[in-house]
Amino acid sequence: MNKFILAAASVAALAFAGSASADPIVVKFSHVVAEHTPKGQAALKFKEEAEKLLPGKVKVEVYPSSQLYGDGKEMEALALGDVQFIAPSLSKFDKYTKKLQVFDLPFLFDNIEAVDRFQHGPEGQKLLHAMESKGFLGLAYWHNGMKELSAKKPLLVPTDAKGLKFRVQASDVLAAQFQQLGANPQKLAFAEVYQALQLGTVDGQENTWSNCFSQKYQEVQSDFTATEHGVIDYMVVTNTGWWNKLPKDIQAGLKKAMEEATKVNNDVAGKLNSDARKKIEASQAKVHELTAAQRQEWKKAMEPVWAKFEGGIGKDLIEAAKKSNSGGKS
Ligand code: SIN
């Protein structure tokens, strides 16, 4: 009898082990933006490639638009293993490393090409590992693009922003940037911005054209200014412990899928942003272009923020970022 029970138990154990190894690994990818944005498209491409490269071995579930976790919860969910990939904007890692604040310094990067050069240079690549001691591993950078400003009035010179309330991401640099202008920053989750603009909890915001359009900010903001004063890019991060325990073939397949998704992201980001800009221009909202002199004024007004954060970021990183503007690899 005992022998029978023992045998039955081992058959059950074998069956369980068999089914467990046959079941695909479920990989949850959570993000906060709409599907028709650079990140939304790239996450879908990652799913497609991963499932093609690892048929039956991996199932990727993509959750856009804060459906699964919003800004406040996604890092915690990743740490707990409730989700395996997230791609927060670089501004949202403030709590975990000060080094990534380099991406938030206003007017540090001239354009997205300079950001790209910095990310692919040695300093940018090293930053992918800046949060490993906290259990997070960066696998790739994904572009969105340069940020613009919007409000319920034209913002043409820095004093136009004085006294206004601006939504910012959870970043001390971005908060300081608006304080520098005599404005009042309010840290808010992305999912809450439309309503805050509609209700007047905040008067303005900064974001890329594709994020502005996909969130319909043109319905609740009368004026947009093409300032390109900073960048919204992403780091795709995973849980280091989970990643290191993956079988090597799965890890290699996911890495390859990530490379493909990164290419797609970076190919479509520029176009999605310029299309979104055109759609905002065609809406009832106005889009203002700055003269060179006006842009210089914004730069002069915001740049003092750099000195405040140089200690945490490191002078070397700031220098490398500056160098990326002149085309030289950092
Ligand atoms: C995102 O692009 O992921 C959202 C950025 C934001 O919170 O403004």
Side-chain angles (χ1 to χ4, degrees), residues 29-44 46 62-75 77-78 83 85-96 100-101 103-104 106 112 115 119 136 138 140-151 165-175 177-178 185-198 201-218 220-221 224 227-237 261-262 265-266 268-270 272-273 275-277 280:
F29 193 138
S30 170
H31 66 82
V32 302
V33 294
E35 283 192 338
H36 196 67
T37 55
K39 180 162 62 180
Q41 295 290 295
L44 291 175
F46 174 69
V62 179
Y63 298 91
S65 300
S66 309
Q67 272 167 23
L68 196 58
Y69 298 106
D71 279 340
K73 289 271 176 254
E74 57 181 6
M75 289 297 278
L78 184 63
V83 63
F85 288 97
I86 58 174
S89 123
L90 293 164
S91 314
K92 292 178 185 166
F93 294 109
D94 235 30
K95 269 211 279 193
Y96 305 93
L100 289 171
Q101 288 181 332
F103 289 102
D104 278 345
I112 202 72
V115 177
Q119 290 173 349
F136 304 116
Y141 291 105
W142 285 357
H143 292 320
N144 185 328
M146 303 306 280
K147 286 182 291 193
E148 325 298 343
L149 284 176
S150 75
K165 286 176 273 171
F166 284 90
R167 178 267 171 168
V168 289
Q169 304 175 69
S171 152
D172 290 344
V173 180
L174 300 181
Q177 167 195 277
F178 282 107
Q186 311 263 325
K187 289 182 182 170
L188 277 182
F190 186 59
E192 292 164 25
V193 182
Y194 179 90
Q195 204 183 17
L197 292 168
Q198 189 180 39
T201 316
V202 290
D203 305 299
Q205 62 84 45
E206 53 168 10
N207 224 311
T208 60
W209 296 113
S210 62
N211 274 352
C212 292
F213 181 72
S214 61
Q215 297 299 305
K216 303 188 169 73
Y217 294 163
Q218 68 280 7
V220 287
Q221 298 277 266
F224 289 76
T227 46
E228 319 252 302
H229 61 284
V231 62
I232 290 204
D233 264 15
Y234 308 108
M235 189 185 284
V236 187
V237 281
T262 302
N265 179 87
N266 295 350
V268 300
L272 287 177
N273 276 306
D275 287 353
R277 176 182 174 149
I280 292 177

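Since the model is a prediction, treat every value here as computed from it, not as a measurement. When a ligand or atom number is given, it counts from 1 through the structure's own listing order.
Between Phe136 and Phe93, a ring centre-to-centre spacing not shorter than 6.0 Å is recorded.
Tyr234 and Asn144 make their closest contact through OH-ND2, 2.9 Å (heavy atoms, listed as atom of the first residue, atom of the second, distance).
With hydrogens and angles left out, the side-chain atoms of Gln169 and Ser89 include a donor and acceptor closer than 3.5 Å.
By the 4.0 Å heavy-atom criterion, Lys39 is counted among the residues contacting ligand 1. Judged by the shortest distance from any of its heavy atoms, Gln205 lies outside the 4.0 Å radius around the atoms of ligand 1.
Each of the atoms 5 (C), 6 (C), 7 (O), 8 (O) of ligand 1 lies under 4.0 Å from some heavy atom of Gln169. Proximity to Arg167 (heavy-atom distance under 4.0 Å) selects the following atoms of ligand 1: 6 (C), 7 (O), 8 (O).
The shortest contact between atom 7 (O) of ligand 1 and any protein heavy atom is with Lys92 NZ, 2.7 Å. In this structure, atom 2 (O) of ligand 1 lies nearest to the protein heavy atom Tyr234 OH, 2.5 Å.
Other residues, nucleotides and ligands contribute at most 12 non-hydrogen atoms within 6.0 Å of the CD atom of Gln195. By the neighbour-count criterion of 12 heavy atoms within 6.0 Å, atom NZ of Lys95 is sparsely surrounded, having that number or fewer from other residues, nucleotides or ligands.
At a 3.5 angstrom cut-off on N or O pairs, Asn207 counts as close to ligand 1.
Classified by interplanar angle (parallel below 30°, tilted 30° to 60°, perpendicular above 60°), the ring pair Trp142/Phe29 is parallel.
When heavy-atom distances to ligand 1 are checked against a 4.0 Å cut-off, Asn211 comes that close only through its side chain, counted from C-beta outward.
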